[in-house]
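See structure below.
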2 protein chains.
Amino acid sequence: MAQISETAIRFPEEDINLLAYLTQKSGLFNVWNTNTSIIANDLGISQQSVSRVLRELENAKLIIREASTSGVKISLADNGRNALKKHYELLRNVFSSDIKSLSCKITSGLGEGRYYMSFSQYKKQFIEKLGFEPFEGTLNLEVDIAKVNNFLLNGVCININGFETKERTFGGLKAFNVKVSAKNNKNNKKINAALIMPDRTHHDKNVVEIIANKNLRNKLKLKDNQEIEITLD
Amino acid sequence: MAQISETAIRFPEEDINLLAYLTQKSGLFNVWNTNTSIIANDLGISQQSVSRVLRELENAKLIIREASTSGVKISLADNGRNALKKHYELLRNVFSSDIKSLSCKITSGLGEGRYYMSFSQYKKQFIEKLGFEPFEGTLNLEVDIAKVNNFLLNGVCININGFETKERTFGGLKAFNVKVSAKNNKNNKKINAALIMPDRTHHDKNVVEIIANKNLRNKLKLKDNQEIEITLD
DNA sequence: ATTACTAGGTTGCGAGTAG
DNA sequence: TCTACTCGCAACCTAGTAA
């Protein structure tokens, strides 16, 4: 499963971007016949800086460089290929979704969501951006937030803006259109809904909420502690 | 199909690495409660620099930052998420292999390979690194080198070193263990072989060679212009 | 045409420290 | 404790130009 590494990442070379650029041009295994002015123009820096940086990359054994009065030939060195691949795999862990559906328990929850849903400033945005008027009451779900992040990767993130009243400030929300169904239940209807996550959700917090235009507890005949299944819309 | 973009890439922010780091920590959608010293320690730069860089990222609207005397809360802004995703997709084009086998025509070729195979300096390395003594003669293949790069991604790159004689210099080679079979032929034997590409192959050149420990033309009953199929070993 | 050296200006870095 | 300002020093950048 894709997951977020807990180890600290150190970037020994700040040149990953340049390596990525060169790789786009040469491919991973081949030689690119070019000159420093072309690269300078692409990257928006001076010819002189390109010359210097390429020499630095060569000294760091990240690229193989062959300079002459007719230009430079550049290819990736093994080290450069490996460094770039490492960087790619790090990003792949963040960006590759391999969770197609979420199964999670309904927590009894205090229905904090119900309180928020009662504010027209939120309601208005839900109608406008999600296309339905939410039932005043939410399902609170106990989740592993890292799994949720992974699951949501291919979803469309809809931003619900926060607002202020005289009494207090209400934070922004992120909403994702989803479908919800009950698990282990003869009733396997799928109901359109939205997964809601406050902008301020901490990366190790573990509760998200589901809203819909109807009472999901009734419609899906849900009991407390029952599991539901969520898929992307 | 994954392919190498021909458009110039400009990096508006040199901060992709830092964004990638932060994303590892916070996830794509959540808030990370930390402090500048922790990040400084992770990245090997000073607390002061982290403070400055985070403010820069905030000004560039790449992250959302909330600093106080008890630390900083950091999350990705939409722009930051998009910038990072763009960078990821660029790398994915380079690194994600979606070509499982290569079909290519045998060119009549002048058997340049045969000449090279006759040098013990190469032969010795083939025996040692590939595990077989190459038949003195190669198949020349007409290919799209970008496709070959993609195909070879999951292969193991074996470097064959170049050498010098009194007369001339012989360049290094890259070798990949593969299996070769004839296409459109009752004989569908798969024979162990190696795909060979000179280190100096230009990114738009279009010939690679195949070597094996036997005469592939005979063993696979190949005619000129016939297609063969190559898979990774 | 190229690459790349030199010189001088600019930006970035971090120790000290204020708030 | 934190963040983040000041400022001296180092690293980086590019215009001019040599090779």
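Residue numbers start from 1 in every chain, and the chains themselves are labelled A, B, ... in the order their sequence lines are given, proteins ahead of strands. We use all heavy atoms of the structure for the numbers below, so side chains are in, but hydrogens, waters and symmetry mates are not.
Mapping A:A67 and B:E56 onto DNA chain C by nearest heavy atom places A:A67 closer to the 5' end of the strand. Sequence order on DNA chain C of the closest nucleotides to A:V72 and B:Q47 puts A:V72 first from the 5' end.
Note on B:R55: a side-chain N or O is less than 4.0 Å away from OP1 or OP2 of D:dC5. Regarding contacts with the backbone of D:dT14, a side-chain N or O of A:S49 is found under 4.0 angstrom from either OP1 or OP2. Side-chain nitrogen and oxygen atoms of B:T69 include none within less than 4.0 Å of the OP1 or OP2 phosphate oxygen of D:dT3. Taking side-chain N and O atoms only, B:R65 has no distance below 4.0 Å to OP1 or OP2 of D:dT3. In this model, the phosphate group of D:dA4 is not approached by any side-chain N or O of B:R52 to a distance below 4.0 Å at OP1 or OP2.
For a distance-only test at 3.5 Å, the side chain of A:Q48 qualifies as a donor-acceptor partner of the base of D:dG16.
For the side chain to side chain contact (heavy atoms under 4.5 Å, CB included) with B:F151, the lone residue among B:V143, B:I230, B:D98 that qualifies is B:I230.
A:I39 has its CD1 atom 15 Å from the P atom of D:dC13, to the nearest Å. One interatomic measurement links the two molecules: CG of B:N41 to P of C:dG14, which rounds to 13 Å at whole-angstrom precision. Note: CG (B:L54) to P (D:dC2) measures 15 Å, nearest angstrom.
In the set C:dG12, D:dT14, D:dT3, the nucleotide with an atom closest to the side chain of B:S51 is D:dT3.
Of the possible polar contacts, none joining the B:R65 side chain to the B:V72 backbone as a donor-acceptor pair under 3.5 Å is found.
Ring centroids of B:F29 and A:F176 are separated by less than 6.0 Å, placing the two rings close together.
The shortest distance between side-chain heavy atoms of B:L22 and B:L57 falls below 4.5 Å.
Across all strands shown, A:T36 has heavy atoms under 4.0 Å from sugar-phosphate atoms exclusively, and none from any base.
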